[in-house]
Number of protein chains: 2
Amino acid sequence: MNDAHWTDSPATLLRVGPGFRLADVDPAATPGYGGGKKAGQADLSAAAEEFDQLQERLYAQSRTQPDSPSVLLVLQAMDSAGKGGIVRHVIGATDPQGVHLKAFKKPTAEELTHDFLWRIEKEVPGAGYIGVFDRSHYEDVLIGRVRQLAPADEIERRYGAIVDFEQRLTERGVHIVKVMLHISDDEQKARLSERLDRPDKHWKYNPGDVDERELWPAYMGAYQALFERTSTDQAPWFVVPANHKWYARLAVQALLLDVLKRIDPQWPVADFDVEAEKARLAAT
Amino acid sequence: MNDAHWTDSPATLLRVGPGFRLADVDPAATPGYGGGKKAGQADLSAAAEEFDQLQERLYAQSRTQPDSPSVLLVLQAMDSAGKGGIVRHVIGATDPQGVHLKAFKKPTAEELTHDFLWRIEKEVPGAGYIGVFDRSHYEDVLIGRVRQLAPADEIERRYGAIVDFEQRLTERGVHIVKVMLHISDDEQKARLSERLDRPDKHWKYNPGDVDERELWPAYMGAYQALFERTSTDQAPWFVVPANHKWYARLAVQALLLDVLKRIDPQWPVADFDVEAEKARLAAT
C-alpha cells in the first residue's frame, strides 16, 4: 500500500491461510493500520478516487473485450456487522452503472427446487463489472448447517461444489474477494439494542435476529469450517475485524484496490478508424 | 423549492404541457435557476443529503408495506447528452441498495419475439425502490419511428399502449418522472469530437452515433410527437436543457426531490413488540 497509515498490506494480514483460527481474531483490532478513526475516514475518501478510476478502466476495457475480467465481492457476516455500510461507503463511491449488486434473501420456493448454486450463477458479474453479493451461496453452509436445513452429507457436498464453482468463475476471469465482517457478540448486542431504541431504526430490526444470535457459537463453528474448506489460492477468504466500522470499510476498500491493481485494466484501443470518424463528424 | 438559487420550480417550468414545442426550448438555458455553475454544484451537493434521507425513508416504509410507492426515472436523450452523468452524480448520491438501474440496449432476438413492453415490465422498480431507465420503451417510438423499424400503424399503436401501461404502473404506486435531456446539435458535435480527441474516451465513441446524428431533425420530430401523445397528468414529461451539465443534474435532482416530498414517506411502525424484544435481547 502506498498510503502512509497502512503499515502492512491487509491483503496479506487478513487472509485466511492454513492454520487460521477465527477464535484468535480480535473483532476490535485494526490490523496493519497505524491511524485512528479520523485518519481512516480521510484515507477512505482519498482512496475512493483511485477506486473510481480503476473501476472506470475495468468497465471501459470490457466494452471491446468481452472476455476481460470482472470482480466479485462476497460479503458474509452476522446481522448488524456492517455489510450495508460497505456497499454504501465503499462501493457507493463509484459509478452505479459499473456495479452489479445482489442481496440474497431466504430462497424462494422456486429456488429451492434447484441446486443451491442455480440462483447464484445468474448473478455472477459480467466482464467489466464489480459484482457485490450481500450474503451468498455461503448461507447454504452457514444457516444450512447450523439449522440443519439439509442433511450432513449434502452440506459436505456443498463445500466441494463451491470450490469447483468458484474455480470455474476464476478461470473465466472473475476475481473473487470473499469477506467475512467479524464483530463480537457484545458489539452485536449493542447494535441491535440501538435499533430497538430508535424508532427510525425499527425497520432494520427483525425478531429473527435474536434467534440467530442465540446460536452464535454454532455460527462461529460453521464459519471456521467453511474457511477450512473453501479458502483457496484463487478465491481466498479475508476476515475483517468490524467492531470499528471505519476500519472495516477501509480494509475492504484496500482489498478491492489490491485486486484492481493486479488486474491493471487498460483503456481499450479504438476498434474504428479515429481519423475517418473525425472527418465524418466534421461533415455533419 | 426552499433553495435560494431556485427562483421558480423546475417541476412547473420544465413540464411538457398542452402546446409545448420542443423547437422553442433553448438547450443552453438554465430556467428557474438564479445561480451559475459554482452555485449549482454546491446546491447539488447540499440537496444530495435530503435526497438520500428521503430515499432511505421510501425504502424503509416499503419493508412492512408491500403496496407502498416507488419512483421511476425515465431518461431519454440524444447521444452524449449526459444520461450517465445523471446516474452518477444525482442517483449515485444515495444508497445503491435502494436503486434499481437498467440500461436498455438494442433489443435481443428473444426480446423481439415479444411485445415491446415485455422487457420493460420486468424492470419496473418494486415498492420502495428508485428505478432508473437509461433509455426505455420510448426507443420503440424514437429509433423505431425514425428508422422505420416497425410499420406506421404499429408505431401509432405504441403511443396508446404506453399511456395505458404507465397508467397501470401509476395506479400501483409507481411515480413516473420522464426526462428528456435536451442538448443542441452543436453541443453534441463538440462532445463527440472530444471523445475522438482523447484516447481515454474512445471507448465511449460509437461510429453509429454519427449515423443517428445525421437524422437529428427526424429525431426532434419523433420527440415532439411522443411528447404530444404521452405526456399525461400521471406521468408527465420534462424537457431539461442540458448543454450545461451542472444545470441538468440540478434540475433532475429537483424533479426527484419534488416527487419524493409529495410521496412524503414515513418511518414504518414496528410490527413487533418493542419492549418484549428488548427483554429477549437483554437475556442473550
Side-chain angles (χ1 to χ4, degrees), chain A residues 52 56-57 59-64 83-85 87-89 91-101 103 132 134 185 188-189 192-193 195-207 209-211 213-214 216 267-278 280-284, chain B residues 52 56-57 59-64 83-85 87-89 91-101 103 132 134 185 188-189 192-193 195-207 209-211 213-214 216 267-278 280-284:
Chain A
D52 188 35
E56 189 182 3
R57 264 197 282 158
Y59 184 81
Q61 178 175 281
S62 73
R63 296 306 90 187
T64 51
K83 290 189 278 77
V87 172
R88 182 162 196 152
H89 298 280
I91 304 299
T94 195
D95 194 338
Q97 294 162 109
V99 172
H100 180 77
L101 173 65
V132 182
D134 175 351
D185 184 327
Q188 189 195 48
K189 192 170 187 170
L192 293 179
S193 182
R195 290 181 182 179
L196 285 169
D197 285 341
R198 290 177 51 178
D200 65 331
K201 298 281 185 191
H202 283 169
W203 69 278
K204 291 190 171 184
Y205 182 87
N206 182 333
D209 297 347
V210 172
D211 301 336
R213 177 172 164 71
E214 286 169 345
W216 192 278
W267 297 118
V269 174
D271 57 357
F272 50 84
D273 180 335
V274 175
E275 294 308 317
E277 290 300 318
K278 283 183 184 173
R280 279 183 72 214
L281 179 62
T284 63
Chain B
D52 188 35
E56 189 182 3
R57 264 197 282 160
Y59 185 81
Q61 177 175 282
S62 73
R63 295 307 90 186
T64 51
K83 290 189 278 76
V87 172
R88 181 161 197 154
H89 297 282
I91 304 299
T94 195
D95 194 339
Q97 296 161 108
V99 172
H100 180 78
L101 173 64
V132 182
D134 175 350
D185 184 328
Q188 189 195 49
K189 191 170 188 170
L192 293 179
S193 182
R195 290 181 182 179
L196 285 169
D197 286 340
R198 290 177 51 180
D200 64 330
K201 298 278 186 194
H202 283 169
W203 69 278
K204 291 190 172 186
Y205 182 88
N206 182 333
D209 298 347
V210 172
D211 301 336
R213 176 172 164 73
E214 287 170 344
W216 191 279
W267 297 118
V269 174
D271 57 358
F272 50 84
D273 181 336
V274 175
E275 293 310 315
E277 288 301 318
K278 284 183 183 173
R280 279 184 72 215
L281 179 61
T284 62

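Lettering of chains follows the sequences in order, A, B, ..., and the numbering in each one begins at 1.
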Is the closest basic N to carboxylate O distance between Asp211(B) and Arg280(A) below 4.0 Å? yes

Taking side chain as everything from C-beta outward and backbone as N, CA, C, O, which of these in Ala282(A) sits under 4.5 Å from a heavy atom of chain B? Side chain, backbone, both or neither. backbone

Using non-hydrogen atoms only, which part of Glu214(B) is less than 4.5 Å away from chain A: side chain, backbone, both, or neither? side chain

Distance, nearest 0.5 Å, that separates CZ of Arg195(B) from CG of Leu281(A): 11.0 Å

For Gly92(B) and Pro96(A), the nearest pair of non-hydrogen atoms, with its separation, is CA-CG, 4.0 Å

Residue part contacting chain B, namely of Arg88(A), when any heavy atom lies under 4.5 Å: both

So for Asp185(B), is it side chain, backbone, both, or neither that comes closer than 4.5 Å to the heavy atoms of chain A? neither

For chain A, which of Glu275(B), His89(B), Glu56(B) has the most heavy-atom pairs under 4.5 Å? Glu56(B)

Chain A contacts, top residue of His202(B), Lys201(B), Gln61(B) (heavy-atom pairs, under 4.5 Å): His202(B)

Pick whichever of Val269(A), Ile91(A), Asp197(A) has the most heavy-atom pairs under 4.5 Å with chain B. Asp197(A)

Keeping Lys278(A) on the side-chain end and Ser193(B) on the backbone end, is there a donor-acceptor pair under 3.5 Å? no

Under 30°, 30 to 60°, or over 60°: which ring-plane class applies to Trp203(B) and Tyr59(A), parallel, tilted or perpendicular? perpendicular

Applying a strict 4.5 Å limit to non-hydrogen atoms, the region of Asp271(A) in contact with chain B is neither

Side chain, backbone, both or neither of Glu277(A) within contact of chain B (heavy atoms, under 4.5 Å): both

At a heavy-atom separation under 4.5 Å, does Leu101(A) approach chain B through its side chain, its backbone, both, or neither? side chain

Pick one of side chain, backbone, both or neither for Leu196(B), based on which atoms fall under 4.5 Å of a heavy atom in chain A. both

Select one option (side chain, backbone, both, neither) describing which atoms of Thr64(A) are under 4.5 Å from chain B's heavy atoms. neither

Report the option among Ala93(A), Pro268(A), Pro207(A) that has the most heavy-atom pairs separated by less than 4.5 Å from atoms of chain B. Pro207(A)

Report the option among Arg63(A), Lys204(A), Lys189(A) that has the most heavy-atom pairs separated by less than 4.5 Å from atoms of chain B. Lys189(A)

Heavy-atom distance under 4.5 Å to chain B: side chain of Ala103(A), backbone, both or neither? neither

Does the distance from a Lys or Arg side-chain N to an Asp or Glu carboxylate O, for Asp200(A) and Arg57(B), drop under 4.0 Å? no

